[in-house]
**Student:** 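Shown below is the structure under consideration.
In what follows, every chain begins at residue 1, and chains take the letters A, B, ... in the order their sequences are listed. Bear in mind the structure is a predicted one, so any value in this text is a computation, not a measurement. Excluded from the calculations below are hydrogen atoms, water molecules and symmetry mates; all remaining heavy atoms, backbone and side chain alike, are included.
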Amino acid sequence: MSTVYALLFIVATIVLVLGLARKIVQYAKTPAPLKIPTTPAPVTQTGVVMRMFREVVFFESLFKSTKWTWIFSWMFHMGLFVVLARHVRYFVDPVPLPIALIQPFGIYAGFAMVAGLGGLFLRRIFVDRVRYISAPSDYLMLLLLIFIGFSGLMMTFLIHTDVVMVKQFFGGLFTFSGGELPMDFALIMHLTLVAVLMIILPFSKLLHIPGIFFSPSRNQVDNPREKRHLAPWAKKLEES
Amino acid sequence: MAKAKFETPELSEFVDVPNIEEGAMAHTTCFVAKPEHQEPLGFPGEKVDDWHDRAIEKMGDLLSRYRSFRVYLDSCVKCGSCTDKCHYFLGTKDPKNMPVGRQDLLRKVYRRYFTFAGKYFPKLVGAADLTEEVLDDWYSYFHQCSQCRRCSVFCPYGIDTAEISMAAREIMAQVGVGQKYCNEIIAKVFKIGNNLGLPGPALADTLEGLEEDVYDEDEVAVKYPLDVKGADILLVTPSADFFAEPHVDGLIGYGKVFHEAGVSWTLSTTASEAANFGMFIGSYENMRRISLRVREAALELGVKRIVFGECGHAWRVAYSFLNTLAGPFDFLDPDYPVPQHICEFTWNEIQQGTLELDKSENDDKTLTFHDSCNVARATRMGDTPGGQFDIPRNVIKAVCNNFYDMEWDTIHERTFCCGGGGGLLTDDLMEIRVKGALPRMTALQNVMNEKGVTHMAAICAICKSQFTKVLPYYGMDMYQIVSVHQLVSDAIVLNRKTPPEEAPGYGEDDDD
Ligand code: HEM
Ligand code: SF4
Ligand code: SF4
């Protein structure tokens, strides 16, 4: 059984890395022929970096819009971020200091994440506008994350898993030396769902993760009069 | 005017976010372009037999040429943040007028043909085949988007529905289903030089008429020159400025400002149009062709600077795209930005003290200012971000004593579209135009009640035409909408007097 899981995680990692890399290359290669930053926009590259930072860390535009969505969404994402950072300790030894420092917050973060996801789920069901735009995959994505968070919290509070064994298993994955995975329900569910998440990520709306960095309305400098901007295919029009 | 085919929404103090009403606007579409409107633009005259395959092929082509299109189609998480931000949704309740609802009309087809999930699990991810019905929906709802970008302000990824609408219109035009209003106008620009089809002699007549009017009133010969070689400034302005109200009062104002600033300037017959509807139909090629006229006119007339008159989308194409489409402008005076907005020009002169302004001339009015969407969310004026909000207001405040802004969430980058932008300024789309104006009309009514505002100034030809038509539906007066440079025109004191022999008509026989 552990071998199956070892394989699953190797496959999931390959799909995630290659799938995302393919998308990133595709986005990077597709030209943005016109200057379309949503203005007022920064007039320097530094300004753009700051704008992007505010979008990625604080969800600035969402904050301008709908406070409830912002609260739930930010709780979920920041929770997820802290939880993911906390997970680093399963994969590396010795544990780096910053990761060790956030350990105590990790538990609150787990709750914040699930609570945020719950709020988003309710919003999707009860706000008629959001219900209208939701496909089955939109609900399933939230459920998937909720179950991942839930099974994780279960292991933390109810049925403790042998963390040392888990660590050996993932350590073994990197060195291909094998290792046994403890077979309890919460862990199996947690890991299966995480693998599923990794596999669907490059094929789903989770492409918002690379997408935000490539969004021309957010990542362009507002300097069209000062600097001529020309896409390669547009240049060809000039030569003909 | 056949008015009562639909109900004008009632104004109240707030615009409530409505519950959705599916299909509320499905009946609204605009006239399809005829072959004579399509062909001059390089599109097939009629709907082609293999439209389905060609549409998908065109979509693939756009995906490879526009990063915005690709990234926006992939990135939406259906968070709903944009759903209540579109004036057309607020005014019609139709969920396909929610920005994401509009995008999804195209996104479901994108997913079906271009993504793994949509190819193999269409139901799961809401993917759908491109059918006749879907194409009809595209035609209806992508012509109910004024490409105002309000949605992109509030989307966490900046997804701009305008980009999707432009792409959809480009795809439709390429399979022979273009929009009559835009394409007919573009064909006119190619043939005659401007949207209204005003030929050179008519233009010269009109300008001469303006000179006489100004002289009659002020006894100063302000010139409105056409095709003058060697002038310093080429003014490119929307053709509505030549005769529509209140646009023409703005043009009179530009002339007075140039006169008092003591600069030489000219209009051009071949570039007698600032508007560029190539943007509305999402066609880079057509937009470029229209823009090149400006370059050619500047070269031919040997000017040093280019200034654009009051027009919203025109300023977007000018400010954001002109350098790309028709640059580089290294033959112009490098001391000035290319192009400049007339408000930038006037504000500079005001700061330098070259203009004498008598604000009391506008004391009969209390003003507010409508930020035009393309100016607000797709351009800048001056050197600092947000100059596009401050500079027009500074100009107004320099010529008027009474000015109040509308509510904060309806101005600046949150401004609401007039309802007639993006190629919707046509009578066949009257219903959506009236309903889409609801949020702006509400904010205007509030500032009228609370601050005693009497007039709303704008710097866009489309906004001005739209409000002139739509204000009466809401029980207001069409003359409440004014040009910014009309206010300047009223306040400016003409100190450069004219020697009598330069007066218009001097020495001619007075035969009328
Ligand atoms: C660069 C990092 C990221 C940024 C800036 C970001 C930002 C956002 C924002 C602003 C939203 C919209 C609000 C909402 O509906 O929640 C969102 C939604 C979402 N994000 Fe992220 N995100 C990031 C990474 C991730 C990651 C790593 C995951 C999970 C694996 C994720 C999963 C989701 C999901 C599932 C939604 C949809 C929520 C819903 O259905 O309402 N995001 N993201
Ligand atoms: S661009 Fe403007 S009109 Fe179009 S969907 Fe967005 S908000 Fe509505
Ligand atoms: S705000 Fe952006 S991500 Fe959210 S539903 Fe609208 S388009 Fe999609």
**Student:** Salt bridge between Arg295(B) and Glu238(A), side-chain N to carboxylate O under 4.0 Å?
**Tutor:** no
**Student:** Out of Leu140(A), Leu62(A), Val130(A), Ile133(A), which one racks up the most heavy-atom pairs below 4.5 Å with chain B?
**Tutor:**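 With the most close heavy-atom pairs to chain B, the winner is Ile133(A).
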**Student:** By a 4.5 Å heavy-atom criterion (distance strictly below it), what part of Asp104(B) contacts chain A: side chain, backbone, both, or neither?
**Tutor:**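 Looking at Asp104(B), just its side chain touches chain A.
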**Student:** Most heavy-atom pairs under 4.5 angstrom with chain A, which of Ile20(B), Thr115(B), Val17(B)?
**Tutor:** Ile20(B)
**Student:** Checking heavy atoms, do the side chain of Ala162(B), its backbone, both or neither come under 4.5 Å from chain A?
**Tutor:**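 Neither part.
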**Student:** Would Arg225(A) and Val338(B) count as a side-chain contact (heavy atoms from CB on, under 4.5 Å) if you check the C-alpha gap in whole Å, the side-chain angles of each, and the deciding distance to 0.1 Å?
**Tutor:** CA-CA 6 Å; Arg225(A) 288 195 288 194; Val338(B) 182; 6.0 Å; no
**Student:** What residue in Lys78(B), Arg316(B), Lys123(B) has the most heavy-atom pairs under 4.5 Å with chain A?
**Tutor:** Lys78(B)
**Student:** Of the backbone (N, CA, C, O) and the side chain (C-beta and beyond), which part of Thr379(B) lies under 4.5 Å from a heavy atom of chain A, both, or neither?
**Tutor:**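 Looking at Thr379(B), just its backbone touches chain A.
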**Student:** Using a 4.5 Å cut-off on heavy atoms from C-beta on, say whether the side chain of Thr69(A) contacts that of Ser81(B).
**Tutor:**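 Counting from C-beta outward, Ser81(B) and Thr69(A) never come under 4.5 Å.
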**Student:** Chain B: which of Ala41(A), Ser137(A), Ser134(A) shares the most heavy-atom pairs with it under 4.5 Å?
**Tutor:**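 Result: the option with the highest number of such pairs is Ser137(A).
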**Student:** Check whether Leu322(B) gets within reach of chain A through its side chain, its backbone, both or neither, counting any heavy atom under 4.5 Å.
**Tutor:** neither
**Student:** Could you measure the distance from the OG1 atom of Thr83(B) to the CG atom of Asp128(A)? Nearest 0.5 Å is fine.
**Tutor:**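 The OG1 atom of Thr83(B) sits 8.5 Å away from the CG atom of Asp128(A).
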**Student:** Tell me whether Phe72(A) at atom CZ has more than 12 heavy atoms from other residues, nucleotides or ligands lying less than 6.0 Å away.
**Tutor:** yes
**Student:** To the nearest 0.5 Å, tell me how far Leu124(B) CG sits from Ser204(A) OG.
**Tutor:**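 Atom-to-atom, Leu124(B):CG and Ser204(A):OG are 10.5 Å apart.
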**Student:** Going by heavy atoms in the side chains, are Val125(B) and Phe203(A) under 4.5 Å from each other?
**Tutor:** no
**Student:** Give a yes or no on whether Lys67(A) atom NZ has more than 12 heavy-atom contacts from other residues, nucleotides or ligands under 6.0 Å away.
**Tutor:** yes
**Student:** What are the two closest heavy atoms between Pro328(B) and Arg228(A), and how far apart are they?
**Tutor:** CD-NH1, 3.6 Å
**Student:** Contact part of Asp409(B) toward chain A, heavy-atom cut-off under 4.5 Å: side chain, backbone, both or neither?
**Tutor:**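 For Asp409(B), no heavy atom lies under 4.5 Å from chain A.
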**Student:** Are side-chain heavy atoms of Arg67(B) and Lys29(A) found at a separation under 4.5 Å?
**Tutor:** no
**Student:** For the residue pair Tyr27(A) and Arg70(B), establish whether any side-chain heavy-atom pair is separated by less than 4.5 Å.
**Tutor:** yes
**Student:** Among Pro136(A), Gly211(A), Ala28(A), Pro210(A), single out the residue with the greatest number of heavy-atom pairs under 4.5 Å to chain B.
**Tutor:**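 Sorted descending by pairs with chain B, the first entry is Pro136(A).
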**Student:** Taking atom NZ of Lys23(A) as the centre, report whether more than 12 heavy atoms of other residues, nucleotides or ligands fall under 6.0 Å from it.
**Tutor:**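 Yes, NZ of Lys23(A) has more than 12 neighbouring heavy atoms, counting only those of other groups under 6.0 Å.
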**Student:** Is any side-chain heavy atom of Thr39(A) closer than 4.5 Å to a side-chain heavy atom of Arg149(B)?
**Tutor:** no
**Student:** Picking from Asn223(A), Asp222(A), Leu120(A), Leu237(A), which has the most non-hydrogen pairs under 4.5 angstrom with chain B?
**Tutor:** Asp222(A)
**Student:** Looking at chain A, which one of Ala117(B), Ser64(B), Cys82(B), Gly118(B) has the largest number of heavy-atom pairs inside 4.5 Å, strictly under?
**Tutor:**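 Heavy-atom pair counts peak at Ser64(B).
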**Student:** When you compare the side chain of Arg380(B) with that of Val43(A), does any pair of heavy atoms fall below 4.5 Å?
**Tutor:**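 Yes. Closest side-chain heavy atoms under 4.5 Å.
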**Student:** Please determine whether the number of non-hydrogen atoms from other residues, nucleotides or ligands lying under 6.0 Å from atom CG of Asp383(B) exceeds 12.
**Tutor:**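 Not buried by this count: 12 neighbours or fewer within 6.0 Å.
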**Student:** Rounded to the nearest 0.5 Å, what's the gap from CG on Leu230(A) to CG on Leu325(B)? Could you check?
**Tutor:** 9.0 Å
**Student:** Can you say whether Lys235(A) sits under 4.5 Å from chain B via the side chain, the backbone, both, or neither, judging by heavy atoms?
**Tutor:**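 No part of it gets close to chain B.
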**Student:** In terms of heavy-atom proximity below 4.5 Å to chain A, should Met279(B) be classed as side chain, backbone, both, or neither?
**Tutor:** neither
**Student:** Taking everything shown except Phe114(B) itself, do over 12 heavy atoms lie less than 6.0 Å from its CZ?
**Tutor:**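 More than 12 heavy atoms, drawn from other residues, nucleotides or ligands, come within 6.0 Å of this atom.
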**Student:** Hey, which of Pro18(B), Gly126(B), Ser320(B) has the most heavy atom pairs under 4.5 Å with chain A?
**Tutor:**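 That would be Ser320(B).
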**Student:** Using non-hydrogen atoms only, which part of Phe389(B) is less than 4.5 Å away from chain A: side chain, backbone, both, or neither?
**Tutor:** side chain
**Student:** Begin with the C-alpha distance, continue with both residues' side-chain angles, and end with the deciding distance and a verdict on side chain to side chain donor-acceptor pair (under 3.5 Å) for Tyr72(B) and Ser217(A).
**Tutor:** CA-CA 10 Å; Tyr72(B) 295 163; Ser217(A) 43; 2.6 Å; yes
**Student:** Is it the backbone or the side chain of Ala32(A) that comes under 4.5 Å from a heavy atom of chain B, or both, or neither?
**Tutor:** both
**Student:** Give, as side chain, backbone, both or neither, the part of Arg218(A) having an atom under 4.5 angstrom from any heavy atom of chain B.
**Tutor:**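 Answer is side chain: those atoms of Arg218(A) sit under 4.5 Å from chain B.
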**Student:** Would you mind checking which part of Thr38(A) comes under 4.5 Å of any heavy atom in chain B, side chain (CB onward), backbone (N, CA, C, O), both or neither?
**Tutor:** both
**Student:** Considering only heavy atoms, which portion of Phe89(B) lies under 4.5 Å from any heavy atom of chain A: side chain, backbone, both, or neither?
**Tutor:**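 Side chain only.
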**Student:** Could you give the distance from OG (Ser75(B)) to NZ (Lys205(A)), rounded to the nearest 0.5 Å?
**Tutor:** 12.0 Å
**Student:** Under 6.0 Å from the OH atom of Tyr108(A), do we count more than 12 heavy atoms belonging to anything else shown?
**Tutor:** no
**Student:** Highest number of heavy-atom pairs under 4.5 Å with chain B: which of Ser215(A), Ala231(A), Ser73(A)?
**Tutor:** Ser215(A)
**Student:** Carefully, step by step, assess Glu22(B) and Tyr132(A) under the rule side-chain contact (heavy atoms from CB on, under 4.5 Å).
**Tutor:** CA-CA 10 Å; Glu22(B) 286 188 42; Tyr132(A) 178 85; 3.6 Å; yes
**Student:** So what's closer than 4.5 Å to chain B heavy atoms on Pro37(A): side chain, backbone, both or neither?
**Tutor:**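 For Pro37(A), the contact with chain B is made by the backbone alone.
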**Student:** For Asp138(A), is it the side chain, the backbone, both, or neither that has a heavy atom closer than 4.5 Å to a heavy atom of chain B?
**Tutor:** side chain
**Student:** So with a 6.0 Å cut-off around OH of Tyr90(A), is the heavy-atom count from everything else above 12?
**Tutor:**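 More than 12 heavy atoms, drawn from other residues, nucleotides or ligands, come within 6.0 Å of this atom.
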**Student:** Does the side chain of Pro95(B) reach to within under 4.5 Å of the side chain of Arg129(A), using non-hydrogen atoms?
**Tutor:** no
**Student:** Determine whether Lys85(B) and Ser65(A) satisfy the following criterion, side chain to side chain donor-acceptor pair (under 3.5 Å), listing intermediate values before the conclusion.
**Tutor:** CA-CA 9 Å; Lys85(B) 300 299 182 286; Ser65(A) 171; 3.1 Å; yes
**Student:** Using non-hydrogen atoms and a 4.5 Å limit, figure out which bit of Val77(B) sits close to chain A: side chain, backbone, both or neither.
**Tutor:** both
**Student:** Which pairs pass ring-ring contact (aromatic ring centres under 6.0 Å, His included) with one or both residues in residues 215-240 of chain A, sequence neighbours excluded?
**Tutor:**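 Applying ring-ring contact (aromatic ring centres under 6.0 Å, His included) to every pair that reaches into residues 215-240 of chain A, excluding sequence neighbours, yields Trp233(A)-Tyr66(B), Trp233(A)-Tyr284(B).
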**Student:** What is the distance from atom NZ of Lys64(A) to atom CZ of Phe154(B), rounded to the nearest 0.5 Å?
**Tutor:**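 Separation between the atoms: 7.0 Å.
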**Student:** Hey, does Phe321(B) have a side-chain heavy atom less than 4.5 Å from the side chain of Pro224(A)?
**Tutor:** no
**Student:** Counting neighbours of OH on Tyr139(A) that are heavy atoms of other residues, nucleotides or ligands and sit closer than 6.0 Å, is the number greater than 12?
**Tutor:** yes
**Student:** Give me the atom names and distance for the closest heavy-atom approach of Ser61(A) to Pro156(B).
**Tutor:** CB-CA, 4.1 Å
